[in-house]
Amino acid sequence: QVQLVESGGGSVQAGGSLTLSCEASGFRYACMGWFREVPGEGREGIVGFYFGDKSTYYHDSVRGRFTVSQDKDKKTMYLQMNSLKPEDTALYHCAASAYGNSLCGNPGPKGLSPVIFPYWGQGTQVTVLS
């Protein structure tokens, strides 16, 4: 079974913090990422992580505020979100891939692409109140 399940979303006041979790099962993933989706817009890649060398990508909009980490079994990924802003409001998706490459943790100038992640969770909603 291949499964990704996000949790930890909710409503928080601007400036507050939330920690999202992504529980992965089925097989060990080489790459994991976080994307956020706003209605009517595409998915924005905000975090990418490659387990091979632990390289990590953060989108400019979240760098310095969001931090990714993992459990010892490397099948759970956490996204610590601090100093949340109303613009962070979105449906946050966890994504994973069994393939390992430099694009996961070090994408090109166009940012983290969703096409390199074949497995997706259903998402957890984060709402930041102004």
Side-chain angles (χ1 to χ4, degrees):
Q1 179 183 359
V2 177
Q3 185 178 23
L4 296 171
V5 180
E6 306 96 335
S7 62
S11 297
V12 64
Q13 294 288 336
S17 299
L18 285 173
T19 299
L20 306 183
S21 299
C22 176
E23 300 288 339
S25 62
F27 58 85
R28 177 170 169 166
Y29 303 104
C31 299
M32 298 186 75
W34 286 97
F35 291 75
R36 60 189 183 188
E37 181 179 13
V38 177
E41 301 180 15
R43 294 180 179 181
E44 178 185 46
I46 58 171
V47 177
F49 185 82
Y50 175 43
F51 290 103
D53 61 7
K54 298 183 180 180
S55 59
T56 307
Y57 162 81
Y58 294 98
H59 190 273
D60 288 345
S61 65
V62 305
R63 188 180 299 110
R65 299 188 298 119
F66 292 10
T67 303
V68 67
S69 61
Q70 65 181 54
D71 270 354
K72 185 177 181 180
D73 62 4
K74 301 182 180 180
K75 292 188 176 182
T76 303
M77 181 173 64
Y78 303 96
L79 183 65
Q80 180 183 338
M81 306 186 296
N82 298 324
S83 301
L84 284 163
K85 306 174 181 180
E87 63 193 79
D88 295 319
T89 296
L91 182 66
Y92 283 72
H93 294 273
C94 176
S97 174
Y99 300 100
N101 59 67
S102 62
L103 298 179
C104 298
N106 187 30
K110 296 183 179 180
L112 191 66
S113 174
V115 302
I116 68 173
F117 295 99
Y119 305 110
W120 293 82
Q122 294 300 307
T124 184
Q125 179 67 36
V126 172
T127 302
V128 184
L129 305 174
S130 61

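- Residues Glu44 and Ser61 come closest through the heavy atom pair OE2-OG, 4.4 Å.
- Side-chain N or O atoms of Gln70 include none that pairs as donor or acceptor with a backbone N or O of Met77 at under 3.5 Å.
- Across all their heavy atoms, Pro118 and Ser97 have their closest contact at CD-CB, 3.6 Å.
- Taking Tyr57 as the reference, nothing meets the ring pair (Phe, Tyr, Trp, His ring centres under 6.0 Å) condition, with sequence neighbours excluded.
- Cluster membership check: Leu112 does not share its hydrophobic cluster with Leu91, using side-chain heavy-atom separations under 4.5 Å among Ile, Leu, Val, Met, Phe, Trp and Tyr.
- Between atom CG of residue Asn106 and atom OG1 of residue Thr56 there is a gap of 10.5 Å, rounded to the nearest 0.5 Å.
- Under a hydrophobic clustering in which Ile, Leu, Val, Met, Phe, Trp and Tyr are joined whenever their side-chain heavy atoms come within less than 4.5 Å, directly or via other members, Tyr29 and Trp34 fall into the same cluster.
- Partner Met32 forms a side chain to side chain contact (heavy atoms under 4.5 Å, CB included) with one of Leu4, Val68, Val47 and no other, that one being Leu4.
- Two residues are said to be in side-chain contact when any heavy atoms from C-beta on lie closer than 4.5 Å; Val62 and Arg36 meet this criterion.
- Taking all atoms of both residues into account, the shortest heavy-atom contact from Pro86 to Ala14 is CD-CB, 4.1 Å.
- If you chain together hydrophobic residues whose side chains sit under 4.5 Å apart, Phe51 and Leu79 fall into the same group.
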- request: Please report the C-alpha distance between Phe66 and Leu84 in whole Å, then the side-chain angles of each, then the deciding distance to 0.1 Å, and finally whether the side-chain contact (heavy atoms from CB on, under 4.5 Å) criterion is met.
  value: CA-CA 9 Å; Phe66 292 10; Leu84 284 163; 3.9 Å; yes

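- Considering only heavy atoms from C-beta on, Leu20 comes within 4.5 Å of Met81 through its side chain.
- Taking the six-membered ring for Trp, Phe35 and Trp120 have ring centres closer than 6.0 Å.
- The OG atom of Ser130 sits 8.0 Å away from atom CD of Gln13, with the distance rounded to the nearest 0.5 Å.
- The CD atom of Gln125 sits 4.0 Å away from atom OG1 of Thr127, with the distance rounded to the nearest 0.5 Å.
- Summarising the geometry, atom OG belonging to Ser69 is positioned 9.0 Å from atom CZ belonging to Phe49; distances are rounded to the nearest 0.5 Å.
- Applying the disulfide (SG to SG under 2.5 Å) test to pairs two or more places apart or on separate chains, those with a residue in residues 84-130 are Cys22-Cys94, Cys31-Cys104.
- Here the shortest heavy-atom pairing between Gly10 and Leu18 reads O-CD1, 3.9 Å.
- When all heavy atoms of Asp88 and Arg65 are compared, the pair lying nearest together is OD2-NH1, 2.7 Å.
- Partners of Leu103 according to the side chain to side chain contact (heavy atoms under 4.5 Å, CB included) rule, which considers only residues two or more places apart in sequence or in another chain, are Asn101, Ile116.
- Thr76 and Glu23 share a donor-acceptor pair across their side chains, judged by distance under 3.5 Å alone.
- A distance of 7.0 Å separates OG1 of Thr89 from CG of Leu129, quoted to the nearest 0.5 Å.
- Looking at Glu6, its side chain does come within 3.5 Å of a backbone N or O of Gln122 through a donor-acceptor pair.
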